[in-house]
Number of protein chains: 2
Amino acid sequence: MSAEELVARHQPTLDAALAAIRTREYFSAYPESPSPRVYGESAAPAGQAAFDAWLGQDFPLEIPGADGRIATERSPYGPDLGVRYPRITADGLDALLSSARDAMPSWREAGPAVRSAVCVEVLARLHARVFALANAVQHTTGQAFVMAFQAGGTHALDRALEAIAYAHEEQNRTPATAYWEKPAGKGEPLRMTKTFHIVPRGVALVIGCNTFPTWNSWPGLFGSLATGNAVVVKPHPHAVLPLAITVQTAREVLSELGFDPNLVTLAAEDPADRLAQDLAVRPEVKIIDFTGSSEFGSWLEDNARQAVVYTEKSGVNTVVVDSTDDFAGMCRNLAFSVSLYTGQMCTAPQSIFVPREGIGTDEGHKSFAEVGAGIATAVEKLLADDGRAVEVLGAVVNAGVLGRLDAASSHGEVVLASRALQHPAWPEATVRTPTIVALDAGDTEVYSAECFGPVSYLIATDSTEASIALLRDTVSDHGGMTASVYSADEKVVQAAEQAAMDAGVALSVNLTGGVFVNQSAAFSDYHGTGANPAANAALIDGAFVAQRFRIMQSRRHA
Amino acid sequence: MSAEELVARHQPTLDAALAAIRTREYFSAYPESPSPRVYGESAAPAGQAAFDAWLGQDFPLEIPGADGRIATERSPYGPDLGVRYPRITADGLDALLSSARDAMPSWREAGPAVRSAVCVEVLARLHARVFALANAVQHTTGQAFVMAFQAGGTHALDRALEAIAYAHEEQNRTPATAYWEKPAGKGEPLRMTKTFHIVPRGVALVIGCNTFPTWNSWPGLFGSLATGNAVVVKPHPHAVLPLAITVQTAREVLSELGFDPNLVTLAAEDPADRLAQDLAVRPEVKIIDFTGSSEFGSWLEDNARQAVVYTEKSGVNTVVVDSTDDFAGMCRNLAFSVSLYTGQMCTAPQSIFVPREGIGTDEGHKSFAEVGAGIATAVEKLLADDGRAVEVLGAVVNAGVLGRLDAASSHGEVVLASRALQHPAWPEATVRTPTIVALDAGDTEVYSAECFGPVSYLIATDSTEASIALLRDTVSDHGGMTASVYSADEKVVQAAEQAAMDAGVALSVNLTGGVFVNQSAAFSDYHGTGANPAANAALIDGAFVAQRFRIMQSRRHA
């Protein structure tokens, strides 16, 4: 297929995405339902078979600079995956990064239109493998299958397409050429022709996380690739497979179209090597996208000074409960939010501020304890049936989460105790329901730190005014990916919105139905703001792509 | 005047600017000729009178946190200006920055359209004072009057308008509101309304330079102001007046329109206070725009970690001479480029690489010495008449320039000696013609450092290929704001363009007429690339404005 044909083929998808980022109305290019009615009867078993075939094998991928193979993954559902990837060590970085740099000139010359089309083609191929990907995401992150299919598959594809659309638009803001004619009084005008080249920054490094290896990595990966950079993907050692599939697919497409596959490489490591630290400060690396701990994110910001660094770190997500005209809906909504994927989402609510005198509701006054009981009961109902519960909870991703969960009960009064579940299909899976612990507003040392996992705090405050002040202060000082407010009083909502603006966090208002504060819809919701300590960038706005390339002009007399 | 009326009044100007940044064709909103036929007979004398009236007086400006007054300016043409500004010291920063922060909420609420219109109104008022401004620029920078009028007045206004246009467009890429309806199979769709707030980063700090106090400061100033931030302007102590006029004008407009004038403040200092260092690391300061030395620019990048930092530092501008079919035109063009404003431009050529075997021209083969002689003779002709020469040269801005000029002759063989001129109107002015010194390609330690001022090196290389390699290496390692190539061979031009792309510098090709490598036209030419050590940003692209604000969304059920 020629480049022109590829551009023509994907133009409708790209145009639809470009329209969506202008309106931020609902749009999705990749159906989120894994139903056979959508994907056909054979898609799910074929994806399962593809996944099974990788287990215990060398993953079919060769990477410059690799030294042998390494397997580092164990499913949160139990089994070791045993998939062996080309291992990169510090000794291999020269070869790896040279190959990445050498791949760039022809990619730069291809121009934005071709690069966008190639990137959308990669997404199409990943979409064709979405069931295999979903298995890979499930068995590296612990997400339940449907969530892995959506958050790790189709929704991640939408976010990737959004990044490509922003990159495409950003590059096309400058014309490829311009004719410049300046009047010169009675004399001949000055006449120049100008050429504007889009020049990539260099090698981009994407550092993946354990819980959302695709959703959080693809925007940076495709944002950098679409703007002409080569990309080295350094996966989390416990979540390599989804990104290995990604890299393999990208390399396949690039090769078929006559580009150098080393534009996209995988740097799988032995975790003891701490390869990300070595990679991040290499002079060839000019862009870094990172999702993970505040500690390493801040280290990157402080040390990888040769690069533009985009970080999503940790934060404390807050909920202000003032009043509601749908108490049952509020409790159901919060119950789902704290349960989904065992609270292992950077967007899950953690601190729920409730006036100690209680709140007004459609069911009359509810005391602080009754609010806690309402949410706790909703969680219990949601997760009453083990078989259905595991489809919400998934599995606990690692021992750190368990440790924090076990320690949580010592921080305050347990409103809802965590319960261990037996997974019907995966007996070795660690499955836990969330806990809710009551605190007082004075317990700042407890609730001002992120407690990643299924732990929520119900925090008694002096008033809603005090709750809103705590939202502002907590987010400003400790960061936050989400915030939400429940109030039947528009003035309170407005005050919360002002506080959210001051603190720089997105706000969800009175969610009582089928939308949850954890969820961030591609093309419409911004994920993060870049305005508080939890993240220095947002998915996805102009700022997320504008620094991934530079414009180099050339001019001469016409 | 209401905000709506103001928006309507300036919409045509803004629309024209928005169109220009899309095409990058010729556009200017502010006539560059100071002729009475354009500006009327009274404009020049009125501007002169306004300037004279400030001399030796308290400048009419009150700034929160100021402690007394300070005068720090002496004209490069001789006289002390004696203009006294409100003095800010470290003790005044709390009050100054509090006033800036307090001014922001209503400015944020005004929204992008009103902010853009207010900013364009400030430009209109500055344009009305352009003759006073031109005098202020002339007598702080040493630029000749017409250059001060253009580079310091109308061209700077165009660059400011360009920044406002980019900021306007960037903010308008996201709609103010969106309706989101997600299909839900057979059930009711999910329906949300979403609001997207443009939220400024905080206080923006603009650190001005001595040579281009307006042209280099206004893009950051107006880019930050248009996106909702408050701006503290810290002028160079030797070039306060042009920015004091700017701040006064902005405050006047803001007050008239009901906004807090403390959105724009001036931080004039005693140079011994080194106030920029204190200001730059204040937590309130979230954006910094700096033009000046690499030393302080790098310090800012390393230390002002709480802020987004845009720096234009120093670099080495290179010319590759391979061949030409207009030898006389080439020599004339280079002569003007090295003479204009005594070489005190960050864009002036410094290193002219010529093959030691000479070059082919329309006048036959020219030896290395003949190329040097050609340029030297062209400089002598251009500057033969003292009265005309000073209109090109202006005055030497400070003793540092003189010192470097005096030292230059020791570096190599003097091809053209500098000459001291007597300014016909300003006997105390220090006026010098440029020097050209011949070096060998091996003298890297000399020509790899910026020698700011009227010093050019004619550097003998082994070949044009070697010259192009030196262009690539010099710019990559030491930075460069401009580069140019002279060649009658398109293959050589292409090779130079590749090298310029690799090094990340703008290239001018075969300039032999009335366009000079030093010149960067607003709306068309990018000034800097952000891709080499001379600057980490470009004037003006999307990246220059995208980080000056954040988007904060709020969503609720529809």
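Order of the sequence lines fixes the chain letters, A, B, ..., with proteins taken first and strands second; residue numbering starts at 1 for each chain. Because the structure is a prediction, the values reported are computed rather than measured.
With a 4.5 angstrom heavy-atom cutoff, T512(B) touches chain A via backbone and side-chain atoms both. Residue S484(A) does not touch chain B at all, counting heavy-atom pairs closer than 4.5 Å. At a 4.5 Å heavy-atom cutoff, the contact between T23(B) and chain A is made by backbone atoms alone. For a residue to count as touching a neighbouring chain, one of its non-hydrogen atoms must lie under 4.5 Å from one of that chain's; by this rule E188(B) does not touch chain A. Contact annotation for Y179(B): only backbone heavy atoms (N, CA, C, O) come within less than 4.5 Å of a heavy atom of chain A. Contact of N172(A) with chain B is made through the backbone alone, with heavy-atom distances under 4.5 Å. With a 4.5 Å cut-off on non-hydrogen atoms, F196(A) touches chain B through its side chain but not through its backbone. Only the backbone of E181(A) comes within contact range of chain B, judged by heavy atoms closer than 4.5 Å. In this structure, no portion of M104(B) lies under 4.5 Å from any heavy atom of chain A. With a threshold of 4.5 angstrom between heavy atoms, N536(B) approaches chain A through N, CA, C or O but not through any side-chain atom. Neither the backbone nor the side chain of Q306(B) comes within less than 4.5 Å of any heavy atom of chain A. Both the backbone and the side chain of K182(B) come within contact range of chain A, judged by heavy atoms closer than 4.5 Å.
Among M501(A), Q547(A), K286(A), the residue making the largest number of heavy-atom pairs under 4.5 Å with chain B is M501(A). Ranking T195(B), V545(B), D502(B) against chain A, the residue ahead of the rest is D502(B), based on heavy-atom pairs under 4.5 Å. The choice from S28(B), P183(B), S33(B), G187(B) that makes the most heavy-atom pairs within less than 4.5 Å of chain A is P183(B). Most heavy-atom pairs under 4.5 Å with chain B, from the set A483(A), G185(A), G530(A), G542(A): that is G530(A). Counting heavy-atom pairs under 4.5 Å between each of A538(B), A500(B), P175(B) and chain A puts P175(B) at the top. Counting heavy-atom pairs closer than 4.5 Å to chain B, the top-ranked of the candidates V493(A), V199(A), L190(A), T177(A) is L190(A). Residue with the most contacts toward chain B among R108(A), R555(A), R556(A): R555(A) (heavy-atom pairs, distance under 4.5 Å). Contact count versus chain B (heavy atoms, under 4.5 Å) is highest, among E25(A), R548(A), E169(A), R305(A), for R305(A). Among A178(B), A531(B), S508(B), G504(B), the residue making the largest number of heavy-atom pairs under 4.5 Å with chain A is S508(B).
In plain terms, the two heavy atoms of K194(B) and S524(A) that are nearest each other are NZ-OG, 2.9 Å. A546(A) approaches A546(B) most closely through the heavy-atom pair CB-CB, 4.3 Å. Summarising the geometry of A543(A) relative to E170(B), their closest heavy-atom pair is N-OE2, 4.4 Å, with the distance given to 0.1 Å. Taking every heavy atom of both residues into account, T174(A) and R24(B) meet most closely at CG2-CD, 4.2 Å.
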| request: Could you walk me through whether Y166(A) and R173(B) pass side chain to side chain contact (heavy atoms under 4.5 Å, CB included), step by step? | output: CA-CA 10 Å; Y166(A) 267 99; R173(B) 293 174 76 179; 3.8 Å; yes
| message | Could you walk me through whether E497(B) and H197(A) satisfy the side chain to side chain contact (heavy atoms under 4.5 Å, CB included) test, starting with their C-alpha distance in whole Å, then the side-chain angles of each, then the deciding distance to 0.1 Å, before giving a yes or no? | response | CA-CA 10 Å; E497(B) 196 157 326; H197(A) 300 277; 2.6 Å; yes
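The closest side-chain heavy-atom distance from D541(B) to R550(A) is below 4.5 Å. Side-chain contact between L511(B) and M192(A) is present, with at least one heavy-atom pair separated by less than 4.5 Å.
One distance of note links CG of D326(A) with NE2 of H557(B); it measures 8.5 Å at 0.5 Å rounding.
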